[in-house]
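Atoms considered below: every heavy atom in the structure, side chains included; atoms not considered: hydrogens, waters and symmetry mates. In what follows, chains carry the letters A, B, and so on, assigned in the order in which the sequence lines appear, proteins first and then strands, with residues in each chain numbered from 1.
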Number of protein chains: 2
Amino acid sequence: MTAVPLPGELTLVDDRARRILDAAVRLAETGGFSAVRLRDVAQASGVALGTVYKRFRSKEDLLVGVLSLELVALRERFATEPLQGETRLERLAQCFAALTETLCVRPHLGRAVIRSAATGENALAERLQRFHTALMELIVGAIRGRDDGPVSALELERLAVLEDVWFSRLVGWTGGLLTPEMVVEQVARAARLLYGEDGDA
Amino acid sequence: MTAVPLPGELTLVDDRARRILDAAVRLAETGGFSAVRLRDVAQASGVALGTVYKRFRSKEDLLVGVLSLELVALRERFATEPLQGETRLERLAQCFAALTETLCVRPHLGRAVIRSAATGENALAERLQRFHTALMELIVGAIRGRDDGPVSALELERLAVLEDVWFSRLVGWTGGLLTPEMVVEQVARAARLLYGEDGDA
DNA sequence: TCCTTCTTTGAAACGCGTTCTACACCCCTA
DNA sequence: TAGGGGTGTAGAACGCGTTTCAAAGAAGGA
């Protein structure tokens with residue numbers, strides 16, 4: 001009996017898929033994208049190669065699956081320890097700093113995952129769409145103050161822009177053009193441009 | 001005698017490299033990334049496979065080279081027929097519309113090229129850095145009005161953000177999530193967010 | 001003209017993502 | 001107890017990016 005993934009939900013993977021994802025993480029941590037050889041993934045997770053392809057459409061699909069797991073972990077972390085910033089702009093910066101840190105503390109893994117997400121394969125669209133939605137929800141939840149009302153459409157547009165900036169800069173990091181600190185700093189600067197220096201709204 | 005590429009310059013490719021790039025364009029136009037098989041590129045351009053690898057470090061490198069060629073063509077077009085918009089914001093929107101159109105009129109080619117640029121290979125860093133610089137110069141030149149002064153640092157930051165938005169959304173297009181019209185529209189909207197609705201500054 | 005060095009060539013070889021095939025297993029229903 | 005559909009497995013096979021290598025040109029320099 002295999003668990004069927006619900007629409008919009010990131011998790012809900014069966015036992016085999018979980019082991020496959022774990023193996024992919026281990027391999028990517030040490031050697032990055034190229035070290036995630038699907039034969040090795042299969043062996044390390046104790047399944048046949050065909051089973052890997054039964055769960056994931058491609059190597060990139062698998063690594064985007066890893067990305068989703070990271071997001072779930074971060075979501076739980078934010079649930080237990082909310083961001084501390086006074087203003088929304090501060091919390092925004094902290095949020096993207098945490099997101100960046102999550103990907104950059106294990107550089108090989110982060111690069112592999114981002115590269116996979118950036119590939120732009122049509123087969124990845126569905127998974128990436130879900131990831132995008134979940135990320136947006138995560139950010140919205142993380143930056144909302146205790147006594148804030150609902151986020152406006154304007155706010156959502158700004159957040160989408162910031163997400164784009166973040167993604168682009170991460171690709172720059174992946175390519176060796178930027179450091180994680182630069183990524184964080186530049187997203188924060190973009191946020192200031194969008195919100196005005198004061199950080200109200 | 002092989003032409004040595006000057007730093008910061010996109011063109012200056014020798015005859016063989018040019019033929020290789022042309023062949024890559026032809027193949028990518030019809031079948032996209034996967035149709036650009038380097039054996040075919042070599043045969044179609046009349047050189048040996050080793051020569052292709054002498055000029056380009058990888059398949060992605062080759063396709064980023066194609067991207068640079070596109071940029072050169074667009075630069076010449078802007079030089080002969082400047083953008084017509086009244087306000088800087090209008091010209092900005094037109095500029096990104098032209099950029100998007102350039103990539104999206106031949107979808108297979110555009111997707112292949114963007115995918116290559118998004119790969120985040122360290123080996124591509126240098127070439128992409130040059131491309132990025134040239135693109136920035138192109139945009140700055142294209143949106144400057146006849147009687148404008150030099151662009152401010154603030155303006156450059158805003159443009160960098162817009163470039164990020166554009167890139168991210170193009171990746172979205174590549175993945176089948178967005179249409180070219182949506183890309184253009186959303187970049188324009190981001191510009192309005194950054195500049196304020198009026199479009200001065 | 002001969003030697004040296006660099007480039008190009010043709011072809012083979014390697015690695016790995018991806019697909020395919022044949023077979024075993026398990027659960028279900030008749 | 002027999003049969004059948006779905007899933008997993010082992011392993012081979014295929015395609016293509018990339019590397020390697022020996023041999024052939026090509027372009028100076030003495």
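- If you measure from atom CG of A/Leu63 to atom P of C/dT18, you get 11 Å, rounded to the nearest angstrom.
- In this structure, of D/dT18, C/dT18, C/dT9, it is C/dT9 that holds the atom nearest to the side chain of B/Arg16.
- At a threshold of 4.5 Å between non-hydrogen side-chain atoms, the residues B/Phe131 and B/Leu124 do not count as touching.
- Salt bridge B/Asp22/B/Arg26: absent, no basic N to carboxylate O contact under 4.0 Å.
- To the nearest angstrom, P of C/dT18 lies 8 Å from CD of A/Glu121.
- B/Lys54 has a side-chain polar atom (N or O) that falls below the 4.0 Å cut-off from OP1 or OP2 of C/dT7.
- In this structure, B/Ser34 reaches neither bases nor backbone, as no heavy-atom distance under 4.0 Å exists between it and the strands shown.
- Computed from coordinates, the B/Gln43 CD to D/dC16 P distance equals 13 Å when rounded to whole Å.
- Put simply, B/Arg39 has no side-chain N or O that comes within less than 4.0 Å of OP1 or OP2 on D/dT19.
- B/Val36 comes within 4.0 angstrom of the backbone, heavy atoms only, and of no base.
- OP1 or OP2 of C/dG17 has not a single side-chain nitrogen or oxygen of A/Arg37 nearer than 4.0 Å.
- Atom CG of A/Leu38 and atom C1' of C/dG15 are 13 Å apart (whole Å).
- Taking the nucleotide of DNA chain C with the nearest heavy atom to each of B/Thr51 and A/Arg57, the more 5' of the two is matched to B/Thr51.
- Rounded to whole Å, the distance from CG on B/Asp61 to P on D/dT19 is 12 Å.
- Heavy atoms from other residues, nucleotides or ligands lying under 6.0 Å from CD of A/Gln94 number more than 12.
- Remark: C1' of D/dT20 and CG of B/Leu49 are 11 Å apart, rounded to the nearest angstrom.
- No salt bridge links A/Arg192 with B/Glu157; every basic N to acidic carboxylate O contact stays at or beyond 4.0 Å.
- For the pair A/Tyr53 OH and D/dT9 P, the interatomic distance rounds to 16 Å; values are reported in whole Å.
- When each of C/dT18, D/dA10, C/dT8 is scored by its nearest atom to the side-chain atoms of A/Lys59, the top-ranked nucleotide is C/dT18.
- Between B/Ile20 atom CD1 and D/dG17 atom P there is a gap of 14 Å when expressed in whole angstrom units.
- Counted within 6.0 Å of CZ on B/Arg57, heavy atoms from surrounding residues, nucleotides or ligands total 12 or fewer; the atom is thus considered open.
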